[in-house]
Amino acid sequence: MPELPEVETTLRGIYHTLHSQKIKRVDVRERRMRWPVPDEIEARLSGQTAASLTRRGKYILIGTDNGTALLHLGMSGSLRIVDPDAPPEKHDHIDIVLADKIIRFNDPRRFGSLLWTENDPLQHELLAKLGPEPLSDDFNTSYLFNASRGRNVSIKQFIMNSEVVVGVGNIYASESLFRAGINPKKAAGKLSKARYEKLVAAIKEVLAEAIQQGGTTLRDFHGADGKPGYFRIKLKVYDRAGEPCEVCGTPVRQFVQGQRATYYCPACQRV
DNA sequence: AAATAATCCTGCGGGC
DNA sequence: TGCCCGCAGGATTATT
């Protein structure tokens with residue numbers, strides 16, 4: 001499910017249930033995730049209080065007095081809040097058990113992960129080299145323009161590189177480039193600073209809108225099934241191959257880039 | 001049956 | 001030569 005807005009929505013969805021609460025225990029039914037779930041995770045988290053609950057890129061950080069758990073949803077992961085007596089269903093791999101609720105991690109494809117570190121989590125090897133948060137002031141025109149100089153990779157793959165900027169996944173990469181009027185194939189190093197100004201604004205807009213949309217679904221998180229009711233924002237090109245561009249009517253095109261589908265309007269995205 | 005909302009790893013080629 | 005970097009492609013997986 002997750003690009004950054006979905007992770008942010010998930011974090012907000014569990015925040016009030018988990019933050020400052022004591023973790024009674026952790027039940028791991030499947031350790032074979034993107035990386036093996038460390039054997040020590042149950043002992044390290046059990047009895048601890050979830051003192052901080054934050055996000056870095058697409059990682060959710062659960063901080064305790066002893067260390068930090070790093071949770072990543074991968075491509076198909078989700079969290080939901082269930083009652084203590086709810087029986088686990090298919091692909092419900094991990095439970096974080098609280099006094100009167102369970103945070104339940106479901107991930108069919110098991111590309112997600114749950115890791116543990118006792119050091120500064122931001123210095124963990126998987127997080128240390130991450131680029132700036134797209135909604136922060138560190139992510140600005142000058143930064144992205146400078147980072148792009150000399151780069152021959154396509155602009156779409158460039159903004160999907162988490163060392164450049166975190167949180168821009170396959171859907172919002174296509175959407176952002178459409179809004180900025182940039183052809184996804186264009187070499188990152190050949191775009192003008194003016195164009196990067198549009199792109200940075202587009203990325204911030206698209207992600208902020210998506211988070212806002214996710215926010216409107218938060219009540220579903222505590223609803224009957226405790227699942228996050230992700231709503232996609234109204235997408236203008238993604239998954240719309242052959243349909244008319246909303247702006248000019250030209251059929252939206254799809255092609256493969258870095259083994260991922262890219263969608264764009266050949267008329268609106270000529271730069 | 002090919003596609004999928006993520007991302008790390010491997011190997012290659014070029015520059016210094 | 002050897003090292004570092006950028007880049008392309010592979011691999012992981014269950015479901016529709």
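Each chain gets a letter, A, B and so on, in the order its sequence line appears, and its residues count up from 1.
- Between the side chain of A:R109 and the base of B:dT4, a donor-acceptor pair under 3.5 Å is found.
- Comparing B:dA6, B:dC8, C:dC7 by their nearest atom to the side chain of A:N152 picks out C:dC7.
- A pairwise comparison of heavy atoms in A:F139 and A:P134 identifies CD2-O, 3.2 Å as the closest pair.
- Atom pair A:D239:CG and C:dT16:P shows a separation of 17 Å (rounding to whole Å applied).
- A:R240 places a side-chain N or O within 3.5 Å of a backbone atom of A:P244 that can act as its donor or acceptor partner.
- A:E209 pairs in a salt bridge (Lys or Arg N to Asp or Glu O under 4.0 Å) with only one of the listed residues (A:K234, A:R179, A:K236), which is A:R179.
- The aromatic rings of A:H93 and A:H91 stand perpendicular to each other, their planes meeting at an angle above 60°, with 30° marking the opposite boundary.
- The separation between A:K185 atom NZ and C:dC7 atom P is 18 Å, rounded to whole Å.
- Between A:M160 atom CE and C:dG9 atom C1' the separation is 15 Å, expressed in whole Å.
- In terms of heavy-atom proximity, A:K24 sits nearest to A:A99 at CD-CA, 3.7 Å.
- Look at NZ on A:K58: it is 10 Å from P on B:dC8, rounded to the nearest Å.
- We find that CZ of A:R260 is positioned 8 Å from C1' of B:dT4, with the value rounded to whole Å.
- Taking atom P on both B:dT10 and C:dT13, the two are 16 Å apart, rounded to the nearest angstrom.
- A centroid separation of less than 6.0 Å is found between the aromatic rings of A:F255 and A:Y264.
- Between the NE2 atom of A:H93 and the C1' atom of C:dT13 there is a distance of 10 Å, rounded to whole Å.
- For the segment residues 110-126 of chain A, the set of residues with a heavy atom within less than 4.0 Å of an atom of DNA chain C comprises A:R110, A:F111, in numerical order.
- Atom P of nucleotide B:dA6 and atom CD of A:Q259 are separated by 14 Å, given to the nearest angstrom.
- Taking only side-chain nitrogens and oxygens, A:H91 never comes nearer than 4.0 Å to OP1 or OP2 of C:dA14.
- Figure legend. C:dC5 is base-paired to B:dG13; pairs are counted as Watson-Crick or G-U wobble with both atom distances under 3.5 Å.
- Toward the 5' end of DNA chain C, the nearer of the two residues A:R34 and A:K90, judged by each one's closest nucleotide, is A:R34.
- Formation of a donor-acceptor pair under 3.5 Å by the A:E30 side chain with backbone atoms of A:I94 is not found in this model.
- In this structure, NZ of A:K156 is placed 12 Å from C1' of B:dA6, rounded to the nearest angstrom.
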